[in-house]
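The structure appears right after this line, and notes come after that.
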Amino acid sequence: MSLSKQPIKGARDFYPEDMRQREYIFAVWKEVCELFGYEAYDAPILEPTDLYLTKGSEEIINEQTYSFKDRGDRNLTVRTEMTPSVSRMVAARRQELAYPLRLYSIPQCWRYERMQRGRGREFYQLNVDLFGDESLNAEVEMIEISDTVLRKFGAKRSMYEIKLNSRKLIDGFLTDELKLDKTQADTIRRLIDRMHKMATPAFTAQVENTLSPTQRDDGALDKLLAFLKADSLEHLPGSVRSHQSVDDLKRLMRDLEGLNITNAVFDPTLMRGFDYYTDIAFEVFDTDPQNNRSMFGGGRYDGLVGAFGVDPIPTIGFAMGDITLQNFLRSHGLAKEIPSTTDVYLFSVGDTVDETMGVARELREMGVGVATDVTDRKPAKKIKNAVKMGVRYALIVGEDEVQNRQYTLKNLKSGTEGKYSTQRIVSIVEDYRAG
RNA sequence: GUGCCUGUAGCUUAGUAGGUUAAAGCGUCGGGUUGUGGCUCCGAAGAUCGAGGGUUCAAGUCCCUUCAGGCACCCCA
């Protein structure tokens with residue numbers, strides 16, 4: 001029995017061409033975050049299991065994480081997300097950090113899930129968090145960053161839609177208006193989350209089931225349906241239209257419009273897992289009918305830092321996974337060929353091995369990335385190889401070149417070639433890199 | 001975790017009602033062209049038919065199990 005050549009279930013190998021895609025995505029993420037003044041941080045990939053238990057949901061820990069006991073008998077869990085870790089870090093230095101605090105990270109996370117398209121067990125995720133700004137400006141900033149990232153990848157605003165909702169609004173409606181208790185509210189919220197997947201009668205039946213007779217007589221179902229039907233803030237029932245959250249959402253949308261972010265819509269059915277979200281949440285959807293799914297989202301979670309026993313800090317953040325993003329880019333034809341990181345494929349022709357290596361060293365000293373090929377293979381093969389690797393230039397060192405110290409540089413994209421000194425080659429490569 | 005579908009060379013697939021040496025294209029490698037790729041011609045390598053077990057004189061083809069992938073559910077932190 002030979003060893004398996006496959007990576008473990010749900011995990012990916014990154015060969016150079018995959019790695020280039022990944023590096024490209026990370027580079028865009030990093031660039032945008034840094035444009036907005038966010039700074040990079042990192043945390044261990046292993047955390048105490050307790051860190052994830054604080055949010056409740058024991059089944060998630062048991063069934064959907066990689067958890068184990070280490071040799072010191074500690075219960076550890078491979079991180080499934082970054083938010084608990086960054087909250088822990090901020091809580092630990094609560095007093096000394098400078099606020100508003102802007103942090104980003106691109107961690108690899110692991111979730112023990114059943115495989116499906118766009119959902120593996122291992123993924124990278126951009127995490128962007130803003131601590132210490134309770135104003136709506138923070139919401140605007142989060143969404144503006146999300147929008148900027150997508151547009152840096154070449155996306156048009158028609159390719160995605162930003163759905164907005166407020167947990168405060170929903171909760172206020174469910175408890176004040178419908179008079180539901182907490183358990184009922186949780187159940188209803190979960191139902192709303194799934195309502196697009198259910199037939200309407202099934203949905204209403206289950207809602208009715210949750211309601212008490214008094215609530216039913218009170219017309220709670222109809223009120224709920226009227227609420228959920230609202231496709232804009234103006235269409236909300238009059239009774240909730242004066243809620244503070246409605247004003248917040250209105251202002252948020254007005255601000256976004258001011259930034260030309262016109263693809264943001266209010267959606268009262270948007271729920272987003274919702275365990276630690278406390279107020280406004282948003283989620284970005286792919287508008288392509290082939291891939292019409294949620295790509296990523298975020299929201300305000302003011303309670304998490306305080307869970308570590310320090311004074312709470314208002315916090316908002318979002319996270320974007322690399323797999324869903326790649327699906328989005330592909331479905332809209334935005335995926336790019338990324339050229340090799342090697343500038344020059346340098347090869348010998350004839351008995352010029354020493355000279356070839358010498359030229360390579362000379363170029364490297366001047367900052368050019370050089371891969372050498374001094375095998376006996378035919379020049380045709382060497383060029384083919386360079387093309388396959390995605391290298392832009394082939395550089396040929398044969399007898400003639402050695403004599404004149406002028407080497408044949410071939411642009412593999414255009415097919416043109418000429419003989420140049422190493423100095424000249426460096427500047428040609430630099431020009432190409434510059435764009 | 002539940003249900004359904006899929007699994008043949010690196011890739012895409014063909015394989016007759018189960019019958020001897022499993023086929024093709026692309027790709028790979030070599031050669032025509034010993035200093036030049038994306039064209040063309042010739043040739044070669046490459047598959048214990050995902051794996052394990054069973055039925056049968058005989059299984060890629062039927063049955064069971066298992067692994068992997070896809071879809072729906074669950075979940076989506």
Side-chain angles (χ1 to χ4, degrees), chain A residues 1-12 15 47 49 51-65 77-87 107 109-121 123 125 127 190 193-194 197-198 202 270-277 281 283 293-299 301 304 317-319 321 323-324 345-352 356 373 375-402 407-419:
Chain A
M1 196 61 180
S2 60
L3 291 166
S4 170
K5 296 194 255 330
Q6 289 181 311
I8 63 169
K9 186 182 172 80
R12 299 166 290 171
Y15 289 88
E47 290 279 5
T49 300
L51 185 66
Y52 302 103
L53 285 173
T54 54
K55 293 187 314 168
S57 277
E58 203 153 311
E59 68 191 85
I60 286 181
I61 296 301
N62 293 335
E63 294 172 13
Q64 293 194 264
T65 66
T77 293
V78 179
R79 69 180 166 213
T80 56
E81 56 166 335
M82 203 56 163
T83 309
S85 299
V86 71
S87 301
C109 299
W110 293 77
R111 295 178 187 173
Y112 196 87
E113 300 210 62
R114 181 89 185 240
M115 298 294 300
Q116 226 171 104
R117 176 164 173 269
R119 203 168 74 174
R121 291 182 170 179
F123 56 93
Q125 190 181 58
N127 278 256
R190 217 158 283 161
D193 197 17
R194 285 174 13 217
K197 293 180 178 177
M198 325 172 53
L270 176 68
M271 284 300 140
R272 273 200 71 62
F274 250 57
D275 9 352
Y276 50 52
Y277 291 110
E283 190 151 344
R293 53 175 71 198
S294 160
M295 291 199 286
F296 66 92
Y301 55 99
L304 266 192
F318 75 90
I323 301 178
T324 38
Y345 194 84
L346 172 58
F347 64 86
S348 57
V349 170
D351 188 17
T352 59
T356 301
D373 183 347
T375 62
D376 293 331
R377 308 205 306 169
K378 296 195 296 189
K381 297 295 174 190
K382 296 183 177 184
I383 285 189
K384 243 181 143 173
N385 222 19
V387 171
K388 193 197 276 182
M389 287 169 58
V391 178
R392 186 52 171 257
Y393 293 102
L395 185 59
I396 301 166
V397 177
E399 316 281 344
D400 293 355
E401 284 86 350
V402 170
Y407 309 96
T408 304
L409 184 73
K410 178 167 183 132
N411 182 323
L412 294 171
K413 188 80 176 280
S414 65
T416 57
E417 65 178 64
K419 294 198 175 191

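To find a chain, count down the sequence lines: A is the first, B the second, and so on, and within it residues start at 1.
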Taking the C1' atom of each, how far is C63(B) from G69(B), in whole Å? 23 Å

Of the candidates A77(B), G35(B), C75(B), the side chain of E81(A) sits closest to A77(B)

Would you measure the distance from the C1' atom in A58(B) across to the matching atom in G19(B) and give it in whole Å? 6 Å

Where does the angle between the aromatic ring planes of Y277(A) and Y301(A) fall among parallel (under 30°), tilted (30 to 60°) and perpendicular (over 60°)? perpendicular

Does a side-chain N or O from Q64(A) land closer than 4.0 Å to OP1 or OP2 of C76(B), or not? no

C1' atom, U12(B) versus U6(B): distance in rounded Å? 15 Å

Contact class for K381(A) vs. all strands (heavy atom < 4.0 Å): base, sugar-phosphate, or nothing? sugar-phosphate

Return the value, rounded to whole Å, for the distance between atom NZ of K388(A) and atom C1' of C29(B). 10 Å

Can you tell me how far CG of N127(A) sits from CD of Q125(A), rounded to the nearest 0.5 angstrom? 4.5 Å

Now, which nucleotide makes the Watson-Crick or G-U wobble pair with U65(B), with each of the two distances under 3.5 Å? A51(B)

The reported gap from CG in L409(A) to CD1 in I396(A) (rounded to nearest 0.5 angstrom) is 9.0 Å

Between the base of U34(B) and the side chain of K378(A), is there a donor-acceptor distance below 3.5 Å? no

Distance between C1' atoms of U8(B) and C4(B) (Å, rounded): 23 Å

Let me confirm one number: the OG1-CH2 distance from T65(A) to W110(A), rounded to the nearest 0.5 Å. 13.0 Å

Considering only the C1' atoms, how many Å lie between G32(B) and A9(B), rounded to the nearest integer? 27 Å

Quickly work out the K384(A) NZ to G30(B) C1' distance and round it to whole Å. 11 Å

Tell whether R119(A) reaches the base of C75(B) with its side chain through a donor-acceptor pair below 3.5 angstrom. yes

Taking atom types as modelled and ignoring hydrogens, do the side chains of E401(A) and T408(A) form a donor-acceptor contact shorter than 3.5 angstrom? yes

Could you please name the partner base of U33(B), counting Watson-Crick and G-U wobble pairs only when both distances are under 3.5 Å? none

Ignoring the backbone of Y277(A), work out which of A77(B), U36(B), G69(B) is nearest its side chain. A77(B)

If only side-chain N and O atoms of K9(A) are considered, is one of them under 4.0 Å from the OP1 or OP2 phosphate oxygen of G69(B)? yes

Do E47(A) and S85(A) pair up side chain to side chain, a donor and an acceptor below 3.5 Å, judged on atom types alone? yes

Any base atoms under 4.0 Å from R194(A), or only sugar-phosphate, or nothing? Heavy atoms, all strands. sugar-phosphate

Under 4.0 angstrom, heavy atoms only, what part of the nucleic acid is E401(A) near: base, sugar-phosphate, or nothing? base

Whole-Å gap separating C1' (G37(B)) and OH (Y345(A)): 12 Å

Y393(A) OH to G37(B) P, straight-line distance once rounded to whole Å: 19 Å

Protein-nucleotide distance (R190(A), atom CZ; A77(B), atom C1'), rounded to Å: 13 Å

Quick one: are the ring centres of Y393(A) and Y345(A) less than 6.0 Å apart? no

By the 4.0 Å heavy-atom rule, please label T83(A) as base, sugar-phosphate, or nothing. nothing

Over 12 non-hydrogen atoms of neighbours within 6.0 angstrom of CG in D351(A): no

For a quick check of understanding: with a heavy-atom distance under 4.0 Å over all strands, which category does N385(A) fall into, base, sugar-phosphate or nothing? nothing

For C26(B), the Watson-Crick or wobble partner whose two distances fall under 3.5 Å: G10(B)

Spacing between R114(A) atom CZ and C4(B) atom P, to the nearest angstrom: 11 Å

Distance between the C1' atoms of G50(B) and C67(B), in whole angstroms? 7 Å

Please tell me which of G10(A) and E113(A) maps to the more 5' nucleotide of RNA chain B, matching each residue to the nucleotide holding its nearest heavy atom. G10(A)

Mate of G38(B) across any strand shown (Watson-Crick or G-U wobble, both atom pairs under 3.5 Å) is none

Using the C1' atoms only, state how far G15(B) lies from U20(B), rounded to an integer number of Å. 16 Å

Starting at atom CD of Q116(A), determine the distance to atom P of C75(B), rounded to an integer number of angstrom. 13 Å

For U34(B), does the base pair up with any side-chain atom of R377(A) as donor and acceptor (N or O, under 3.5 Å, distance only)? no

Across all strands shown, which nucleotide pairs with G46(B) by Watson-Crick or G-U wobble geometry, both distances under 3.5 Å? none

Using the P atom as the reference point in each nucleotide, state the distance between U40(B) and C73(B) in Å, no decimals. 47 Å

Now, which nucleotide makes the Watson-Crick or G-U wobble pair with C73(B), with each of the two distances under 3.5 Å? G1(B)

Heavy atoms only, 4.0 Å cut-off, all strands: where does G415(A) land among base, sugar-phosphate and nothing? base

Using a heavy-atom cut-off of 4.0 Å across all strands, would you classify G120(A) as base, sugar-phosphate, or nothing? nothing

Nearest-angstrom distance from the residue atom CZ of F123(A) to C1' of C76(B): 10 Å

